Amino acid sequence: MFAFLVRRLLSLIPVLALVLVIVFSLVRLIPGDPATTLLGPGATDSQIAALRAQLNLDEPALLQLWHYVAGLAQGDLGVSLKSGQPVLGEILLRLPATLEISIAAVLVAILVGTPIGVLSATRPNSGFDHGVRILSLTGVSMPAFLLALLLQLIFATWLGWLPVSGRMSSYLFIDNVTGFAIIDGWLSGEEGAVQSALLHMILPVTVLAAFLAATLGRFVRATMLETLGEDYVRTARAKGLSRREVIYGHALRTSLLPAITVVGLKFAEMLGGAILTETIFSWPGIGRFMFEAIRNRDYPVIQGATLVFALLFMLTSLLVDILYAVLDPRVRRKMR
């Protein structure tokens, strides 16, 4: 297992290097000039040229890449062209907000998708099964932005039950200890802050969880149907085990192993795909930060945020492999 971890960690280096080169090249193909964007439409040519020289944008691309890699080797992701602050600090400031809704969305999706998939598989072709299949197909097919706007319209505008955007009511102030609003509100002893943070999370978490819950429900249903037809399940039934023992003691455990891969990969995708959801709900996470960076042609932020997303994706994939090995001895033997 240790040798496997070392090999996987070492394999991250060339992948990250490839991602860096691709992103570095692509951001420079985005139409527009960062200096012109920062100075505004009234800037003169001399002002734009001076700012380009100040930001080293007038250097050849290869030299800019070399300087960026040299800084990266020292843990420096550069400085934001917009704010003038270190990119790493800006990302770390916003990372808890993205993790907060992503982790909550995964938990909601597991709690909703798994039992629905199991119940649907144990009642094939019933009314419940058909209903679940229609709902899951709707959840997979509906675009996230459409669901977000629909939820905002119903629960924020019409009913007024939930806040339309933001992370917490503007009149509440808590100490930023961990960066997680709920935990910091609890540490500050502000019950109102915790309640406000939870209410603000409901809509963005629902949007992020909808697709994963639908995907997980369909996947668990399919694997459960396959597992329930296996010989060892029929043997368990022949031994006189109850229906509950057969389903939850034998079939479900086997069916959940492949589901771990789905949850892990979708969680990683969710981190990278939170740009749209965070922008719609004005959620102050990395996704919205990256959206603003793309709009401002802020090259260091785009490159830094993309590298962080890529690293999180690969670490999540590694964690999935480790969980798989822990739960399945056959996989563990192959890793030796």
Side-chain angles (χ1 to χ4, degrees), residues 8-30 32-39 51-103 167 176-180 267-279 283-319:
R8 286 296 303 270
L9 290 174
L10 290 176
S11 69
L12 300 183
I13 297 175
V15 176
L16 284 175
L18 183 62
V19 170
L20 171 61
V21 172
I22 293 174
V23 174
F24 189 88
S25 305
L26 288 179
V27 294
R28 278 154 182 78
L29 295 177
I30 299 176
D33 178 67
T36 306
T37 305
L38 291 174
L39 292 174
L51 184 58
R52 285 182 59 81
Q54 180 185 342
L55 299 175
N56 299 322
L57 295 174
D58 56 347
E59 294 180 345
L62 284 178
L63 188 57
Q64 292 182 45
L65 177 61
W66 170 253
H67 288 157
Y68 188 76
V69 172
L72 199 61
Q74 302 174 22
D76 182 11
L77 293 180
V79 175
S80 169
L81 302 181
K82 178 70 175 178
S83 65
Q85 299 297 316
V87 172
L88 182 59
E90 296 266 25
I91 291 175
L92 291 178
L93 183 66
R94 292 165 175 80
L95 182 60
T98 298
L99 290 177
E100 196 168 40
I101 56 171
S102 299
I103 292 173
R167 197 180 182 194
N176 187 7
V177 180
T178 66
F180 294 88
F267 174 69
E269 289 180 13
M270 192 182 296
L271 290 171
I275 295 176
L276 187 61
T277 304
E278 290 185 1
T279 303
W283 191 262
I286 297 182
R288 186 183 170 202
F289 184 49
M290 192 169 180
F291 174 79
E292 296 291 337
I294 294 173
R295 197 171 63 174
N296 295 317
R297 315 292 191 275
D298 198 338
Y299 294 164
V301 172
I302 299 172
Q303 292 163 184
T306 304
L307 285 177
V308 169
F309 281 138
L311 183 61
L312 289 174
F313 188 94
M314 287 183 280
L315 289 178
T316 305
S317 177
L318 176 61
L319 180 61

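All residue numbers in this chain count up from 1 along the given sequence. In this text, all values refer to a predicted model and were calculated from it rather than measured experimentally.
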| field | Any L26 side-chain heavy atom under 4.5 Å of L29 side chain | value | yes
| Heavy-atom distance under 4.5 Å between the side chains of L20 and Y68, does that happen here? |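 When only atoms from C-beta onward are counted, Y68 and L20 do touch, with a gap below 4.5 Å.
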| Pair L81-N296, side chain to side chain contact (heavy atoms under 4.5 Å, CB included): steps then yes or no | CA-CA 9 Å; L81 302 181; N296 295 317; over 6 Å; no
| Partner residues of T98 under the side chain to side chain donor-acceptor pair (under 3.5 Å) criterion, sequence neighbours left out | E278
With sequence neighbours excluded, residues passing side chain to side chain contact (heavy atoms under 4.5 Å, CB included) with [X]:
X	answer
V21	S25
L312	L95, L271, V308
D58	A53
I103	L99, L107, F267

Between atom [atom1] of [X] and atom [atom2] of [Y], what is the distance when rounded to the nearest 0.5 Å?
X	Y	atom1	atom2	answer
L318	L12	CG	CG	7.0 Å
L10	I13	CG	CD1	5.5 Å
W283	E100	CH2	CD	5.5 Å
L93	F289	CG	CZ	9.0 Å

| request: Could you give me the CA-CA distance, side-chain angles and deciding distance for L307 and V23, then say whether side chain to side chain contact (heavy atoms under 4.5 Å, CB included) is met? | output: CA-CA 9 Å; L307 285 177; V23 174; over 6 Å; no
Shortest non-hydrogen contact from [X] toward [Y]:
X	Y	value
F24	L65	CZ-N, 3.3 Å
A97	G285	CB-CA, 4.0 Å
A305	I286	CB-CG2, 4.2 Å
V87	G304	CG1-CA, 4.3 Å

Residues two or more places apart in sequence or in another chain: which of them pass salt bridge (charged side-chain N to carboxylate O under 4.0 Å, His left out) with [X]?
X	result
R288	none
R297	none
R295	E292

| message | For a side chain to side chain contact (heavy atoms under 4.5 Å, CB included) check, start with the C-alpha distance between E90 and V301, then their side-chain angles and the critical distance, and finish with the verdict. | response | CA-CA 9 Å; E90 296 266 25; V301 172; over 6 Å; no
| request: Count the heavy atoms of every other residue, nucleotide or ligand shown that sit under 6.0 Å from CG of L62, and state whether that count exceeds 12. | output: no
| task | Name all pairs fulfilling the side-chain hydrogen bond (donor to acceptor under 3.5 Å, both in side chains) condition that reach into residues 299-308, sequence neighbours left out, sorted by first residue then second. | result |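 Non-adjacent pairs meeting side-chain hydrogen bond (donor to acceptor under 3.5 Å, both in side chains): R28-Q303.
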Anything under 3.5 Å between a donor and an acceptor, one on a side chain of residues 70-80, the other on a protein residue two or more places apart or in another chain? List them.
{"unit_1": "D76", "atom_1": "OD1", "unit_2": "G78", "atom_2": "N", "d": "2.9"}
{"unit_1": "S80", "atom_1": "OG", "unit_2": "K82", "atom_2": "N", "d": "3.3"}
{"unit_1": "S80", "atom_1": "OG", "unit_2": "S83", "atom_2": "N", "d": "3.2"}
{"unit_1": "S80", "atom_1": "OG", "unit_2": "S83", "atom_2": "OG", "d": "3.3"}
{"unit_1": "S80", "atom_1": "OG", "unit_2": "D298", "atom_2": "OD2", "d": "2.6"}

| said: Closer than 3.5 angstrom, by distance alone: can the side chain of Q64 be matched with the main-chain N or O of E59 as a donor-acceptor pair? | reply: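 Confirmed, Q64 side chain pairs with E59 backbone.
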